[in-house]
Each structure stands twice: as C-alpha cells, then as structure tokens.
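Each remark here refers to the structure printed beneath this line.
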There are 2 protein chains.
Amino acid sequence: MKLSTKGHYGLKAMYDLALHYSNDPIPLKTVAERQRLSENYLEQLIAALRKAGLVRSVRGAQGGYILAKPPEEITVGDVVRVLEGPIAPLECVSEEYIGDCDQFNYCISRNVWAKVRDSISDVLDSISLADMCREAKEIDQLRK
Amino acid sequence: MKLSTKGHYGLKAMYDLALHYSNDPIPLKTVAERQRLSENYLEQLIAALRKAGLVRSVRGAQGGYILAKPPEEITVGDVVRVLEGPIAPLECVSEEYIGDCDQFNYCISRNVWAKVRDSISDVLDSISLADMCREAKEIDQLRK
DNA sequence: ATTATTCCCTAGTTTATTACTAGGGATTTA
DNA sequence: TAAATCCCTAGTAATAAACTAGGGAATAAT
C-alpha cells in the first residue's frame, strides 16, 4: 500500500511553487535545492505537470516555472493524479477500467477497494496548495 | 497509488473462509479454486496470515484452514496490514518509522500523507469479514 | 553576437519488487 | 500404507522505481 516518490516529490515541488507564488517564474534548480530533490529527476516530474496544465514554463535565462492557477485552485488530488495515475488501489477500481475480470460485477473485495479509493480521493481533493501554505504558516507561528 | 495483489488475493481467501465458516477446516485447494487463485501462491499468503494469528491450520487429510476468530472479529485492516505491511502511503508516515528524514518535523506534504493514511485505516478497520458476507447476501437478494 | 541560463527531451542503468512456479518434506486421516 | 493436506525454501521472469547523463532549443543579459 504505497505511493511512489513521484507523488511525494511532485507535491513538494508544487508546494514550493505555491509558497513563492508571484508573477515571476522560479527556476527548477531553486526548487530542487530548497526541497532537496534531484533536479534532473524533478524535471521529468514537472514535465508531466506542465503537460497536464498545472504549471506554465518560461524558457531562457530568468525563466522557470509558475503555477498555472492560484494555489487555491490546485488540489493535492490534481497533482497526485497526474504523477501517480488514477487513484485506485487496484486496477479494477479505477474509473477508467475496461477490464476482463469475470467477477467484476459481484466481487465483494472489489467493493472494499472502491470504498478505499473514494476516501483517498475525498482527502486529496479537499486539500489545496493554499491549505498547505496556510498550515506551514501556522506551524511556523507555533514555533516562535 | 497501488495495492499489490497480495492484499487483494489474501482478502479474497479470508472472505472465502468467512463465507464457509464452521467447525470444519477448508483445504486451501478449495479456496484457490473458488476464488480462482494460484494455490502455491496463496499458500505463501496464508502462511503469513497464520503466523499473524488470523487463521488456524489443521494438517493432514481432511485438514485445511479455519478463521481463528469469528468473521465479526476480523477486519479488512487486520488482513491488509499482515500482507501489505503497515498502512502508509509513504514510509515516513508509518507508525513504525524510525527515519532520518531531516525535514521530518516540519514537512507539510508529509502531513498530507498522514491524513490519507488515517482515512484508509478508518475505512479498512470499519469493515469486517462478516460485513463482506452480509453485502454478498444482499447483492444475491437483489439479483432474484 | 555571444554567453549564460534555463527549459526540454530521450536513453540508459541499477535496484528492488511482484507474482509467481517448482519441488520436496512433515503430518495426519482413512 | 497411501492419500491428502499443510509447510517451507529457492529460483525466476517481468516490471517498475528512481534515478543519472547528456545534449538540444529558446531566451535574456552583456
């Protein structure tokens, strides 16, 4: 029952872009350093996020990445779905499943995984990047 | 974001044992046939479940497996934890984590996965094998 | 113009895991 | 004693994860 690092790293990157959200693009190198991630690897992840329309890129010197929408309008679910594929603990509970499982319609254990999927989706879709930034601020307050 | 087949197959087997729960043990061969699983593979899974105390085994002819407790007292969470390890979308949100992540205490994305973990746990712990049997019966009723 | 910066793309690599298969031994009932 | 059954270990093929490496294309600053 595991996530890959893709979702985790990708979310960290998006969170970083949200924390520093402005009109100026942020170079990936900066993000990678701040979040301590491999830049080359992160490149691959953010490419997927760009193709999905969650970030915009600006090429050339002084270039970088910016969120395509304000942090309030991007949820963790959006990010995770791009990087990890559809949320589905098992293939056959994916919304996109076109399968050949002969027990499809009366598989009881399948119903269990469908419930799990729904609860994961609910959580991920209920948290925006802005929520994460807010939480970070609160934690910072408590420290002082 | 995937489960392995272990959890799925193992749950199917436990569900099968629950459906046919009585004083007599059920040979694994029967379970494997009914649930269409590889017997050899299932052996490995049920060995883990036995060591965890969820099923009892009876050796020799007329032997087989029986649930160690009535279906009401075994949850899906019990089964899944044995086969998939602790419920944790990421290592560092496992209860058992003894780690070296330097951002441990202020990693915001980690908090997200902790929420996911809790919601998965809630779902899995709220469903017993008996619940699954009941659901199967209801579906069967609707069909008639 | 040129150089430095940055995004962009693809291919290769290492390691681990998954999902088995295979086969033999131990135990018990008929 | 034979058949049924659990029990255990080792091997294996395929896949995916998590990168590394390196070069090309676009743009801004000089």
Side-chain angles (χ1 to χ4, degrees), chain A residues 1-13 17 23-68 80 83-85 88-92 101, chain B residues 1-13 17 23-68 80 83-85 88-92 101:
Chain A
M1 191 54 130
K2 258 196 213 160
L3 196 78
S4 71
T5 59
K6 280 189 205 171
H8 189 48
Y9 291 0
L11 182 59
K12 282 188 167 203
L17 291 179
N23 288 327
D24 299 324
I26 300 164
L28 202 58
K29 201 184 174 191
T30 309
V31 175
E33 274 164 12
R34 275 198 294 243
Q35 300 295 323
R36 305 187 199 191
L37 303 171
S38 144
E39 190 187 344
N40 273 333
Y41 188 39
L42 197 51
E43 245 176 29
Q44 293 169 39
L45 305 183
I46 204 139
L49 294 166
R50 183 177 52 81
K51 279 166 195 161
L54 295 179
V55 293
R56 285 190 303 115
S57 64
V58 180
R59 302 180 96 181
Q62 311 303 113
Y65 292 91
I66 323 182
L67 298 183
V80 171
L83 296 171
E84 302 269 337
L90 271 167
E91 258 194 69
C92 65
C101 173
Chain B
M1 191 53 133
K2 257 197 211 160
L3 197 78
S4 71
T5 58
K6 280 188 203 171
H8 189 47
Y9 291 180
L11 182 59
K12 281 188 169 202
L17 291 179
N23 288 327
D24 299 324
I26 299 165
L28 202 59
K29 200 184 174 191
T30 309
V31 174
E33 276 165 9
R34 277 199 293 242
Q35 301 294 324
R36 305 188 198 189
L37 303 171
S38 145
E39 190 187 345
N40 273 332
Y41 189 39
L42 198 50
E43 244 176 30
Q44 293 170 39
L45 305 184
I46 206 141
L49 294 166
R50 182 176 54 79
K51 279 165 195 162
L54 295 179
V55 292
R56 285 190 302 116
S57 64
V58 180
R59 302 180 95 182
Q62 309 306 112
Y65 291 91
I66 323 182
L67 297 183
V80 171
L83 296 172
E84 303 270 335
L90 271 168
E91 257 192 69
C92 65
C101 173

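Values below: every heavy atom of this structure, side chains too, minus hydrogens, waters and symmetry copies. Just so it is clear, the model here is predicted, and its values are computed rather than measured.
Across all their heavy atoms, A:Val55 and A:Tyr65 have their closest contact at CG2-CD2, 4.1 Å. When all heavy atoms are compared, the tightest approach of B:Tyr9 to B:Leu45 is CB-CD1, 3.7 Å. Minimum heavy-atom separation, B:Gln62 to B:Pro25: O-CG, 3.5 Å. Of all heavy-atom pairs spanning B:Glu84 and B:Gly7, the tightest one is OE2-N, 2.9 Å.
For residues 49-66 of chain B, proximity to DNA chain C is found at B:Arg59, B:Gly60, B:Ala61, B:Gln62, defined as any non-hydrogen atom under 4.0 angstrom from a strand atom.
Rounding to the nearest 0.5 Å gives a distance of 13.5 Å between CZ of A:Arg34 and NZ of A:Lys12. How far CZ of A:Arg50 is from OG of A:Ser57: 5.0 Å, rounded to the nearest 0.5 Å. In this structure, CD on A:Gln35 lies 11.0 Å from CG on A:Leu28, to the nearest 0.5 angstrom.
In this structure, A:Leu17 places its CG atom 14 Å from C1' of C:dC7, rounding to the nearest Å. Computed from coordinates, the A:Asn40 CG to D:dG23 C1' distance equals 12 Å when rounded to whole Å. Rounding to whole angstrom units, CD of residue A:Glu39 and C1' of D:dT20 are separated by 13 Å. Atom-to-atom, CG of A:Leu42 to C1' of D:dT20 comes out at 14 Å; the value is rounded to the nearest Å. Rounded to whole Å, the distance from CD1 on B:Ile26 to C1' on D:dA4 is 16 Å. If you measure from atom CZ of B:Arg36 to atom P of C:dC20, you get 15 Å, rounded to the nearest angstrom. Between the P atom of C:dC8 and the CG atom of A:Leu45 lies a distance of 14 Å, rounded to the nearest Å.
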Please write out the pairs of protein N or O atoms and N or O atoms of nucleotides 16-19 of chain C separated by less than 3.5 Å, giving the distance to one decimal.
| from | atom 1 | to | atom 2 | distance (Å) |
| --- | --- | --- | --- | --- |
| C:dA19 | OP2 | B:Thr5 | N | 3.0 |
| C:dA19 | OP2 | B:Thr5 | OG1 | 2.8 |
| C:dA19 | O5' | B:Thr5 | OG1 | 3.2 |

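For B:Ala48, the side-chain contact (heavy atoms from CB on, under 4.5 Å) partners at least two apart in sequence or on another chain are B:Val82, B:Leu83.
At a cut-off of 3.5 angstrom, the base of D:dC6 holds no donor-acceptor pair with the side chain of B:Glu43.
Among the heavy atoms of the strands lying under 4.0 Å from B:Leu28 are primed sugar atoms or P, OP1, OP2 only; no base atom is included.
A:Leu49 is not listed as a side-chain neighbour of A:Leu17, based on a closest heavy-atom distance of 4.5 Å or more.
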